Amino acid sequence: MSSEYAKQLGAKLRAIRTQQGLSLHGVEEKSQGRWKAVVVGSYERGDRAVTVQRLAELADFYGVPVQELLPGTTPGGAAEPPPKLRLDLERLAGVPAEKAGPLQRYAATIQSQRGDYNGKVLSIRQDDLRTLAVIYDQSPSVLTEQLISWGVLDADARRAVAHEEL
């Protein structure tokens with residue numbers, strides 16, 4: 001394994017660990033000593049080679065697919081990440097409630113959960129769009145077109161939805 005590849009693999013391991021809110025010692029505690037902090041740290045720094053077997057076991061411990069840990073891969077194997085979905089909250093406020101009521105309530109709930117009250121834009125995830133599509137009884141692509149026509153989503157959202165449907 002090349003030194004650069006080991007460092008990239010280590011960066012992915014570190015990112016997954018920190019996303020889960022774990023310190024190196026937290027990994028050791030959570031695994032009841034199966035994963036020593038010093039060993040995981042050396043994998044993350046690229047100082048120590050990890051076998052395929054150990055990588056699979058570590059992926060299982062973190063609850064992620066092995067491919068998420070491999071350098072040069074992105075979720076879903078995409079060449080580039082899809083554009084972010086951003087709701088224009090100022091324009092959303094101007095859409096009649098009989099049309100946008102469910103979306104307004106959903107956005108308010110997300111804002112409350114995040115403590116995000118900037119009032120201008122709100123980033124949503126693909127899962128949020130799928131949930132909203134169920135609420136509106138439409139496919140995500142049809143709902144995306146409707147939200148674009150309301151001026152609530154940017155036209156770039158089409159690429160995000162197209163990426164998701166691949």
Side-chain angles (χ1 to χ4, degrees), residues 1-87 102-103 105-118 121-141 143-144 147 153-154 156-166:
M1 177 171 10
S2 78
S3 173
E4 185 58 34
Y5 189 85
K7 287 184 188 320
Q8 290 174 7
L9 176 67
K12 289 230 178 185
L13 288 170
R14 183 178 302 107
I16 295 292
R17 175 181 56 78
T18 58
Q19 283 174 8
Q20 295 186 4
L22 292 170
S23 65
L24 288 170
H25 290 290
V27 169
E28 188 167 341
E29 288 173 13
K30 185 178 176 185
S31 70
Q32 299 174 334
R34 178 171 181 220
W35 295 102
K36 302 291 185 202
V38 68
V39 172
V40 174
S42 65
Y43 290 156
E44 290 181 3
R45 288 186 306 277
D47 295 341
R48 183 176 185 160
V50 60
T51 65
V52 172
Q53 179 66 35
R54 294 290 283 170
L55 186 62
E57 291 169 4
L58 196 51
D60 187 52
F61 171 76
Y62 286 137
V64 300
V66 175
Q67 64 266 24
E68 291 296 318
L69 301 177
L70 299 175
T73 61
T74 56
E80 67 180 58
K84 299 227 185 248
L85 296 170
R86 290 189 185 93
L87 294 176
L103 177 56
R105 288 188 300 276
Y106 195 86
T109 301
I110 292 173
Q111 286 180 294
S112 173
Q113 289 173 343
R114 294 181 188 169
D116 178 4
Y117 298 102
N118 78 13
V121 296
L122 179 69
S123 293
I124 62 170
R125 298 177 181 100
Q126 292 286 343
D127 288 343
D128 295 320
L129 187 63
R130 284 192 294 273
T131 300
L132 286 164
V134 170
I135 291 169
Y136 278 92
D137 195 25
Q138 297 177 344
S139 71
S141 58
L143 178 61
T144 298
L147 298 179
L153 275 181
D154 188 273
D156 276 350
R158 287 185 185 108
R159 284 193 309 122
V161 174
H163 175 270
E164 187 70 12
E165 292 176 348
L166 292 179

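We count residues from 1, following the sequence as given. Note that the structure is a prediction, hence the values are computed from the model and not measured. Side chains included, hydrogens not; waters and symmetry mates left out as well; all remaining heavy atoms used.
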From NZ (Lys36) to CG (Leu24), nearest 0.5 Å: 13.5 Å
Minimum heavy-atom distance Tyr5-Leu70, with the two atoms named: OH-CD2, 3.9 Å
Residues Glu4, Lys7: salt bridge by 4.0 Å N-O rule: no
Step-by-step side-chain contact (heavy atoms from CB on, under 4.5 Å) determination, Leu129 to Leu143: CA-CA 8 Å; Leu129 187 63; Leu143 178 61; 4.0 Å; yes
Atom pair OH/NZ of Tyr62 and Lys12 - distance to nearest 0.5 Å: 14.5 Å
Leu58 side chain near Ile16 side chain, heavy-atom distance below 4.5 Å: no
Separation between CG of Leu87 and CG of Asp154, rounded to the nearest 0.5 Å: 11.5 Å
4.5 Å side-chain heavy-atom contact, Thr144 and Leu85: no
Exercise: identify the closest heavy-atom pair between Leu122 and Ala107: CD2-O, 3.6 Å
Closest approach of Gln8 to Pro71 (non-hydrogen atoms, all atoms of both residues): OE1-CB, 3.3 Å
Donor-acceptor contact present, side-chain Thr109 to main-chain Arg105, <3.5 Å: yes
Side-chain donor/acceptor of Asp60 to backbone N/O of Glu57, under 3.5 Å: no
Value rounded to 0.5 Å, distance of CZ in Arg14 from CG in Leu9: 10.5 Å
Nearest non-hydrogen partners of Pro140 and Ala133, listed with the distance: N-CB, 3.7 Å
Gap separating the OG1 atom of Thr51 from the OH atom of Tyr43, nearest 0.5 angstrom: 6.0 Å
Closest non-hydrogen atom pair between Ala37 and Glu28, with its separation: N-OE1, 2.8 Å
Stepwise side-chain contact (heavy atoms from CB on, under 4.5 Å) test for Tyr106 and Thr131: CA-CA 10 Å; Tyr106 195 86; Thr131 300; 3.8 Å; yes
Steps toward side-chain contact (heavy atoms from CB on, under 4.5 Å) verdict (Asp116, Ile110): CA-CA 8 Å; Asp116 178 4; Ile110 292 173; over 6 Å; no
Distance-minimising heavy-atom pair for Arg17 and Val27: CD-CG2, 3.5 Å
Validation row: Leu13, Val40 side chains within 4.5 angstrom (heavy atoms): no
Nearest-0.5 Å distance, CZ of residue Phe61 to CZ of residue Arg54: 11.5 Å
